[in-house]
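I have placed the structure first, in the form of structure tokens, so that the comments after it can refer back to it.
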Amino acid sequence: MRFSKKVEQITENLLWGVRFLAIVPVLFGLVSVINLFWLGSMEIIEGIKQYSESEGSHSEFTTKIMTSIIGGVDLYLIGIVLMIFSFGIYELFISKIDVGRANQEIRILEIHSLDELKDKILKVIVMVLVVRVFKQVAGMPITTYQEILYLAISILLIAASSYLLHSQGGSKHNKPSNHE
């Protein structure tokens with residue numbers, strides 16, 4: 001009986017220690033965040049530089065700088081997805097971030113479950129998709145009524161998905177949780 005208890009204890013300690021492997025995606029996620037923020041900043045700077053050196057049509061260069069800025073925002077949002085992922089994985093598998101909990105006003109990165117992490121990431125991914133569609137539309141010449149119809153349908157679908165995400169999130173957050 002004693003031997004089986006010792007094997008059980010060693011196995012449980014080993015399994016519990018394996019959770020520290022989660023540090024790998026956390027670290028690579030943070031490296032990716034830094035790179036994406038850098039690339040987003042460079043894209044915006046490049047757009048501003050192109051605009052300041054422009055000699056052509058004002059509206060053509062306005063579209064180019066808008067596309068560049070939207071591209072930078074898109075990279076920032078993807079970086080934010082990875083930041084939320086890194087914070088969430090760290091808090092779920094390794095340890096609570098004490099420094100983050102010291103400030104009671106900032107709760108956006110506080111994660112209590114894997115489902116909550118997935119919900120937060122999903123909402124930011126939808127925002128990334130909205131920005132991508134906006135970037136495509138900004139540089140797209142609309143020449144037919146059919147293209148206007150497709151644009152209107154895409155805007156309607158984006159608005160509907162945003163509404164559904166908001167209404168789903170609101171109902172979850174209004175319920176009292178067992179943690180409080």
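Atom CD1 of I78 sits about 10.5 Å away from atom CG of L39, to the nearest 0.5 Å. The OH atom of Y90 sits 9.5 Å away from the CG atom of L27 when rounded to the nearest 0.5 Å. To the nearest 0.5 Å, atom CD1 of residue I148 and atom CD1 of residue I153 are 12.0 Å apart. Atoms OG and CG, from S113 and D119 in turn, are 7.5 Å apart once rounded to the nearest 0.5 Å. Between the CG atom of L82 and the CD1 atom of I34 there is a distance of 11.5 Å, given to the nearest 0.5 Å. Note that the CD1 atom of I65 and the CD1 atom of I70 stand 11.0 Å from one another [nearest 0.5 Å].
Residues W38 and I45 fall within the same hydrophobic cluster, defined by Ile, Leu, Val, Met, Phe, Trp and Tyr side chains chained together at heavy-atom separations under 4.5 Å. Cluster membership for L14 and I94, using ILVMFWY side-chain heavy atoms within less than 4.5 angstrom, is not shared. Linking Ile, Leu, Val, Met, Phe, Trp and Tyr residues whenever their side-chain heavy atoms come within less than 4.5 Å places I23 and F93 in a single cluster. With hydrophobic clusters built from ILVMFWY side chains whose heavy atoms lie under 4.5 angstrom apart, L114 shares a cluster with F20. One hydrophobic cluster holds both I125 and L75 under the rule that ILVMFWY side chains link at heavy-atom gaps under 4.5 Å.
Taking both residues in full, the closest heavy atoms of E46 and S68 are given as C-OG, 4.5 Å, listed atom of the first, atom of the second, then distance. Residue S86 comes nearest to P25 through the heavy atom pair OG-O, 4.2 Å, listed as atom of the first residue, atom of the second, then distance.
The side chain to side chain contact (heavy atoms under 4.5 Å, CB included) test with Y76 singles out one residue from V33, I44, L36, and that residue is I44.
Donor-acceptor pairing under 3.5 Å is lacking for the side chains of S95 and E91.
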Checklist entry - Would T143 and E147 satisfy side-chain hydrogen bond (donor to acceptor under 3.5 Å, both in side chains), going step by step from the backbone distance to the final call? => result CA-CA 7 Å; T143 55; E147 291 171 348; 3.2 Å; yes

Checklist entry - Passes side chain to side chain contact (heavy atoms under 4.5 Å, CB included), M83 versus F37? Steps please. => result CA-CA 11 Å; M83 185 185 302; F37 282 12; 3.8 Å; yes

Item to check | CA sep, side-chain torsions, deciding dist, call: T144, L149, side chain to side chain contact (heavy atoms under 4.5 Å, CB included) | outcome: CA-CA 9 Å; T144 66; L149 177 63; over 6 Å; no

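Panel note: side chain N13, backbone Q9; a donor-acceptor pair is recorded below 3.5 Å.
The side-chain hydrogen bond (donor to acceptor under 3.5 Å, both in side chains) search around Q146 returns Y150, not counting sequence neighbours.
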